[in-house]
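To start, the structure itself, in structure tokens.
In what follows, every heavy atom counts, from backbone to side chain, and hydrogens, waters and symmetry copies are set aside.
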Amino acid sequence: MTSKHFLFLFFFIFCFSSFPSHARFIPGRPSPTGLVSDGISTVKNLPYLLLKPPVSAEESCEQSYGFLPCTTTVLGNMFLIIVYGYLMYLAATYLSYGSELLLEILGPGIVGGLFLPMLGALPDAMLILVSGLSGTAETAQSQVSVGMGLLAGSTVMLLTVIWGSCIIVGRCDLHDSVAIDGTNTKGFNLKESGVSTDIWTCYAARIMAISVIPFLIVQLPQALSSTSGRHLAVLIALIISLLMLISYCVYQVFQPWIQRRRIAFAKHKHVISGILRHLKKHALGRLLTDDGEPDTEIIRKLFETIDENHDGGLSPSELRALIIGIRFEEIDLDQDDAVSKVIADFDTSRDNLVQEDEFVEGIMKWINEAKQTGGAYLESNAGTFKFIDHFHQQTKREHALLGSEEQSDEVVENVENPRWISIKAVLMLLLGTLIAAAFADPLVDAVDNFSEATSIPSFFISFIALPLATNSSEAVSAIIFASRKKQRTASLTFSELYGAVTMNNVLCLSVFLALVYVRGLTWDFSSEVLVILIVCVVMGAFASFRTTFPLWTCSVAYILYPFSLGLVYVLDYVFGWS
């Protein structure tokens with residue numbers, strides 16, 4: 001019997017063992033008549049023989065949907081939290097697997113940009129939704145802290161524990177502040193091993209940091225000690241959050257196209273820098289005059305060297321020979337595309353030939369562009385300027401930061417049996433959605449009952465325990481992916497983490513704000529919002545302006561987790577700040 005069968009067997013047994021039970025008194029001594037007691041006697045009750053009902057009228061619990069088990073005991077509610085949490089984990093796993101299958105068939109774009117981020121945040125959104133829909137407004141106000149605890153705990157766990165773990169398992173040797181794929185000879189060296197990502201991961205971190213704006217808006221009246229504008233602030237924050245959600249989904253839809261355009265532009269700049277270095281080399285470093293201006297006489301002589309048939313114009317074949325001779329080994333270059341872009345830059349007459357004057361003008365334009373980008377650095381030995389070399393190094397680094405073009409085009413072609421895979425993906429998504437919808441409410445009730453039984457605030461239970469259930473599949477997937485020790489997989493891993501937090505900050509917060517506004521609940525989560533702001537801003541700023549993370553950076557993430565939990569406890573339960 002598998003572990004799943006054992007789990008459901010225990011759950012089945014618990015369903016029948018957690019209902020209230022009652023007993024009659026059994027006398028501890030014979031009655032005066034010597035007859036066997038029928039359970040009713042005048043003998044004084046002995047408290048140590050009395051089987052008290054485990055649930056009194058005042059302590060009775062309400063069954064979810066009228067038939068799912070409930071209990072007021074600590075162990076019983078702990079068991080229910082484990083069972084329902086495991087079911088939410090299954091829901092998250094099915095949603096993740098179904099999303100990957102759907103992406104395999106349909107590719108990025110609408111599916112990858114719109115549906116996948118929403119499906120990933122669905123379990124959290126379901127739990128937040130049901131936490132504020134139960135019972136009266138007073139009941140919802142008490143249970144909504146479960147939703148806020150899940151929202152804060154999920155964000156903090158993704159950016160601290162999981163982020164730091166991905167740094168550890170994905171570490172590679174660092175050389176010139178760049179991780180070398182597949183190497184790990186430095187062990188746990190704090191400075192010489194680490195992880196490198198591309199520039200798109202920095203953009204994802206910046207978007208994540210920007211996504212905390214709705215938190216600031218909804219918290220503004222409390223920061224100003226105003227009570228009149230709180231309901232309006234919730235509405236404004238809800239509208240801003242929805243607009244940011246739509247904008248983020250649109251960006252995700254068009255991001256692969258944007259990435260391909262950026263990579264193509266970076267390759268063209270690399271071709272420009274390579275041709276300039278090649279011309280400078282053949283001009284013996286005298287491509288510029290002493291005052292730093294392009295030397296037109298030298299450029300014309302170089303034109304004559306490239307013009308093999310001496311017809312006064314450079315044909316596409318002659319430009320192709322030039323590009324082949326330069327040998328762009330650092331990038332995967334489409335030579336025909338490079339030739340067409342060079343002609344487009346130089347050929348102002350549109351006759352598909354680069355005349356001598358057009359060549360001179362084009363090279364001068366490139367030199368000025370390189371001068372603006374690379375800066376003018378005087379070479380002491382050549383009497384000219386070395387900004388061309390700086391421009392070349394910068395274009396190489398820019399192309400490396402953008403990542404490979406394969407990363408921007410993830411459509412899988414020639415998929416075997418696409419119809420069956422599509423059906424399987426839809427079934428997985430439906431099953432995950434049904435499980436999340438069915439067991440979100442019982443899980444919130446179990447957390448609330450456990451909180452009452454132990455006198456532990458429900459926020460801390462949901463902050464620590466629930467993210468383990470709803471984000472466990474993302475955590476395992478991220479760690480496994482990071483363990484491949486490549487820049488491309490590391491970039492995708494951290495981009496997904498930042499994307500998941502962004503969806504928490506816009507989608508899940510939108511659900512939460514809608515509940516607060518529609519049901520007229522009170523927004524009193526100042527300490528929780530402060531924790532989310534601190535973690536998102538610190539990690540967002542940390543990851544927005546650097547692409548290499550040495551091993552020591554994982555300690556920053558690990559320290560933030562207990563700091564966040566302690567900060568909420570001190571503010572809420574020591575100083576009473578809400």
Quick check: do [X] and [Y] have side-chain heavy atoms less than 4.5 Å from each other?
| X | Y | value |
| --- | --- | --- |
| Met208 | Leu159 | yes |
| Leu158 | Asn504 | yes |
| Val538 | Phe563 | no |
| Ile167 | Trp163 | yes |
| Leu468 | Met157 | yes |
| Leu95 | Pro123 | yes |
| Leu80 | Asn449 | no |

Could you give the distance from [atom1] ([X]) to [atom2] ([Y]), rounded to the nearest 0.5 Å?
| X | Y | atom1 | atom2 | result |
| --- | --- | --- | --- | --- |
| Leu497 | Leu492 | CG | CG | 11.0 Å |
| Asp448 | Asn77 | CG | CG | 9.5 Å |
| Leu122 | Cys508 | CG | SG | 9.0 Å |
| Phe450 | Thr72 | CZ | OG1 | 13.0 Å |
| Cys172 | Leu551 | SG | CG | 11.5 Å |
| Asp124 | Met503 | CG | CE | 10.5 Å |

Sort out for me which residue in Thr201, Thr197, Asp198 forms a side-chain hydrogen bond (donor to acceptor under 3.5 Å, both in side chains) with Ser495. Thr201
Check for a donor-acceptor pair, side chain of [X] on one end and backbone N or O of [Y] on the other, with a separation under 3.5 Å.
| X | Y | value |
| --- | --- | --- |
| Ser451 | Val447 | no |
| Ser241 | Ala237 | no |
| Thr553 | Pro550 | yes |
| Lys424 | Gly98 | no |
| Thr160 | Tyr558 | no |

Verdict with reasoning, Trp523 to Tyr517, per side-chain hydrogen bond (donor to acceptor under 3.5 Å, both in side chains): CA-CA 9 Å; Trp523 181 272; Tyr517 183 78; over 6 Å; no
For Tyr203 and Tyr498, what are the C-alpha separation, side-chain angles and deciding distance, and is it a side chain to side chain contact (heavy atoms under 4.5 Å, CB included)? CA-CA 10 Å; Tyr203 296 158; Tyr498 302 145; over 6 Å; no
Which atom names give the shortest non-hydrogen contact between [X] and [Y], and what distance separates them?
| X | Y | result |
| --- | --- | --- |
| Thr71 | Gly76 | CG2-C, 3.4 Å |
| Ile435 | Met88 | O-SD, 4.4 Å |
| Val501 | Cys536 | CG1-SG, 3.9 Å |
| Phe545 | Arg206 | CD2-NH2, 4.0 Å |
| Ile168 | Cys554 | CG1-SG, 4.0 Å |
| Gln141 | Thr522 | OE1-N, 2.8 Å |

Candidate pair Gln219 and Gln222, rule side-chain hydrogen bond (donor to acceptor under 3.5 Å, both in side chains), full reasoning: CA-CA 6 Å; Gln219 198 62 34; Gln222 287 185 303; 2.8 Å; yes
Working for side-chain hydrogen bond (donor to acceptor under 3.5 Å, both in side chains), residues Thr433 and Tyr94: CA-CA 9 Å; Thr433 303; Tyr94 290 147; over 6 Å; no
What orientation do Phe525 and Phe512 show, parallel under 30°, tilted 30 to 60°, or perpendicular over 60°? perpendicular
Is the closest side-chain donor-acceptor distance between Thr547 and Ser196 under 3.5 Å? no
Does Phe494 form a side chain to side chain contact (heavy atoms under 4.5 Å, CB included) with Cys166? I'd like the steps, not just the answer. CA-CA 8 Å; Phe494 289 101; Cys166 290; 3.8 Å; yes
Exactly one of Leu220, Leu533, Leu513 should register a side-chain contact (heavy atoms from CB on, under 4.5 Å) with Phe215. Which one does? Leu533
Side chain to side chain contact (heavy atoms under 4.5 Å, CB included), that's the test. Do Leu521 and Val234 meet it? Break it down for me. CA-CA 10 Å; Leu521 305 179; Val234 171; over 6 Å; no
Start with the C-alpha distance between Val156 and Phe463, add both sets of side-chain angles, then the distance that settles side chain to side chain contact (heavy atoms under 4.5 Å, CB included), and finish with yes or no. CA-CA 9 Å; Val156 172; Phe463 185 94; 4.0 Å; yes
